[in-house]
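Data block below; observations after.
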Protein chains: 2
Amino acid sequence: MPVAELLPITDVSAAACCAPLTKQAIAPSDAETVARALKALADPARVRIVSIVASHVGQEACVCDLQEPLGLSQPTVSHHLKVLMEAGFLTRSKRGTWAYYALVPGSLDKIADLLRTV
Amino acid sequence: MPVAELLPITDVSAAACCAPLTKQAIAPSDAETVARALKALADPARVRIVSIVASHVGQEACVCDLQEPLGLSQPTVSHHLKVLMEAGFLTRSKRGTWAYYALVPGSLDKIADLLRTV
DNA sequence: TGTCTATATTGACGAACGTCGATGTTCGGG
DNA sequence: CCCGAACATCGACGTTCGTCAATATAGACA
């Protein structure tokens, strides 16, 4: 995903307080993408979920692995898992009655790299 | 800041679905710290502010540099700047009538590193 | 002193968020 | 075929968030 894109740079002739640029700022649409990913992680419970999942072998865990350490109700845990899935940090694979959530490899590094280049 | 800390690991004798651990998960208090920092960046306008500030020479810009490209009212811009300051991503230095906001060196790398180790 | 300019603060409002209880759904075992 | 277990979805509630108009503050300059 390209981070530094075209940005409609308005004429810089005006104010006296404005310093010159050294590079292009992030494009608004890319900013929204980054913000959406960060928002998915910007919750203590979800940070812990990602960490707990990553701590298990194979980097996957079922809901029953999460509910007790988090101290949250089962619907709330499922809600957070859904948010993390839709943001691309977790995948779900149902085996029998259990639903196993796995960390998407490189997803955390990807957003971390984006942060560095912002 | 230590990321992998002691975590009250409950007895793992119970369920059949639970996979073993390979490391300790993040401590709840650290998760809250990470989440608080991410929440400060989890907004399109604030991502753009950080990017625009970082794009200027010396990695600093005044409010007048931000208001027009963001397309937000001046109070809203000031509000976002305050949030980013309190989260430790920006500093403020007033020179004359203008307020210059500068990127705190390494603050983005710090949170990026935290994300990798979560 | 008084005015103008740049920025901060306040108060208000609608939208989004985190949480829960209740209910729905799906699967395995008797 | 029915029951129980694991998980998802729904509906509701209180809180937080992003935004703005109005107002306050602080500095530059005449």
Side-chain angles (χ1 to χ4, degrees), chain A residues 14-19 28 31-32 34-50 52-53 56 60-87 90-102, chain B residues 14-19 28 31-32 34-50 52-53 56 60-87 90-102:
Chain A
C17 65
C18 300
E32 197 149 355
V34 172
R36 195 168 4 237
L38 291 179
K39 197 167 291 190
L41 290 172
D43 181 89
R46 290 199 284 269
V47 169
R48 295 188 64 196
I49 285 178
V50 169
I52 292 174
V53 168
H56 281 75
E60 82 173 1
C62 64
V63 181
C64 64
D65 288 319
L66 303 167
Q67 194 165 338
E68 188 183 359
L70 291 176
L72 293 174
S73 74
Q74 175 265 317
T76 301
V77 174
S78 279
H79 163 68
H80 287 312
L81 288 168
K82 186 179 184 180
V83 171
L84 288 170
M85 262 194 50
E86 290 172 343
L90 296 181
T91 57
R92 184 168 78 111
S93 65
K94 198 156 191 179
R95 295 201 295 272
T97 318
W98 295 290
Y100 286 83
Y101 286 85
Chain B
C17 65
C18 299
E32 198 150 354
V34 172
R36 195 168 4 238
L38 291 179
K39 197 166 293 188
L41 291 172
D43 181 90
R46 290 200 284 269
V47 170
R48 295 188 63 197
I49 286 177
V50 169
I52 293 174
V53 168
H56 281 74
E60 82 172 1
C62 66
V63 181
C64 64
D65 288 319
L66 303 167
Q67 193 166 337
E68 187 184 0
L70 290 177
L72 293 173
S73 74
Q74 175 266 317
T76 300
V77 174
S78 278
H79 164 68
H80 287 311
L81 288 168
K82 187 177 183 180
V83 171
L84 288 170
M85 262 194 50
E86 289 172 344
L90 297 181
T91 55
R92 184 168 78 112
S93 66
K94 198 155 191 181
R95 295 202 293 273
T97 317
W98 297 291
Y100 286 83
Y101 286 85

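Throughout, a chain's letter reflects where its sequence line sits, starting with A, and its residues are numbered from 1. Since we're looking at a predicted model, the values are computed, not measured.
A donor-acceptor pair is defined here as one N or O able to donate and one able to accept, closer than 3.5 Å; such a pair exists between the side chain of B:R48 and the backbone of B:P69.
In terms of phosphate contacts, A:H79 brings no side-chain nitrogen or oxygen within less than 4.0 Å of OP1 or OP2 of D:dC7. The side chain of B:Y100 contributes no N or O atom lying less than 4.0 Å from OP1 or OP2 of C:dA6. Considering only side-chain N and O atoms, A:T97 lies nowhere under 4.0 angstrom from the phosphate OP1 or OP2 of C:dC27. The phosphate of C:dC27 has neither OP1 nor OP2 within less than 4.0 Å of any side-chain N or O from A:R95. At least one side-chain nitrogen or oxygen of A:R46 sits closer than 4.0 Å to the OP1 or OP2 atom of C:dG18. Between B:R92 and the phosphate of C:dA8, there is a side-chain N or O to OP1/OP2 separation shorter than 4.0 Å. Listed pair A:T76 / C:dG18 fails the phosphate criterion, with no side-chain N or O lying under 4.0 Å from OP1 or OP2. Of the side-chain N and O atoms in B:S78, one or more sit less than 4.0 angstrom from OP1 or OP2 of C:dA8.
A:H80 places its NE2 atom 13 Å from the P atom of D:dA8, with the value rounded to the nearest Å. Atom NZ in B:K82 sits roughly 13 Å away from atom C1' in C:dT7 (whole-Å rounding). Whole-Å rounding puts the A:D65 CG to D:dA6 P distance at 12 Å. Put simply, CD on A:E60 is 12 Å from P on D:dC7, counting in whole angstrom units. A straight line from CG of A:L90 to P of D:dC7 spans 14 Å, rounded to a whole angstrom. For A:L38 and D:dC17, the CG to P distance is 16 Å, given to the nearest whole Å. Separating the CG atom of B:L41 from the P atom of D:dC17 is a distance of 14 Å, rounded to the nearest angstrom. Following rounding to the nearest Å, A:E86 (CD) and C:dA16 (C1') show an atom-to-atom distance of 14 Å.
Residues that satisfy the side chain to side chain donor-acceptor pair (under 3.5 Å) test with A:T91, not counting sequence neighbours, are absent from this structure.
Looking at the side chain of B:D43, the nearest of the listed nucleotides C:dA8, D:dC17, D:dG18 is D:dG18.
With A:Y100 as the aromatic partner, A:R92 does not meet the cation-pi criteria of under 6.0 angstrom to the ring centre and within 45 degrees of the ring axis.
Within the 4.5 Å cutoff, no side-chain heavy atoms of B:V53 are placed close to those of B:L84.
Remark: the A:Q74 side chain and the D:dA6 base include no donor-acceptor N/O pair separated by less than 3.5 Å.
If you find the closest nucleotide of DNA chain C to A:L72 and to B:K94, the one lying nearer the 5' end belongs to B:K94. DNA chain C is contacted by both A:K39 and B:Y101; B:Y101 maps to the nucleotide lying nearer its 5′ end (nearest heavy atom per residue).
Nearest heavy atoms, A:Q67 versus A:V77: CA-CG2, 4.1 Å.
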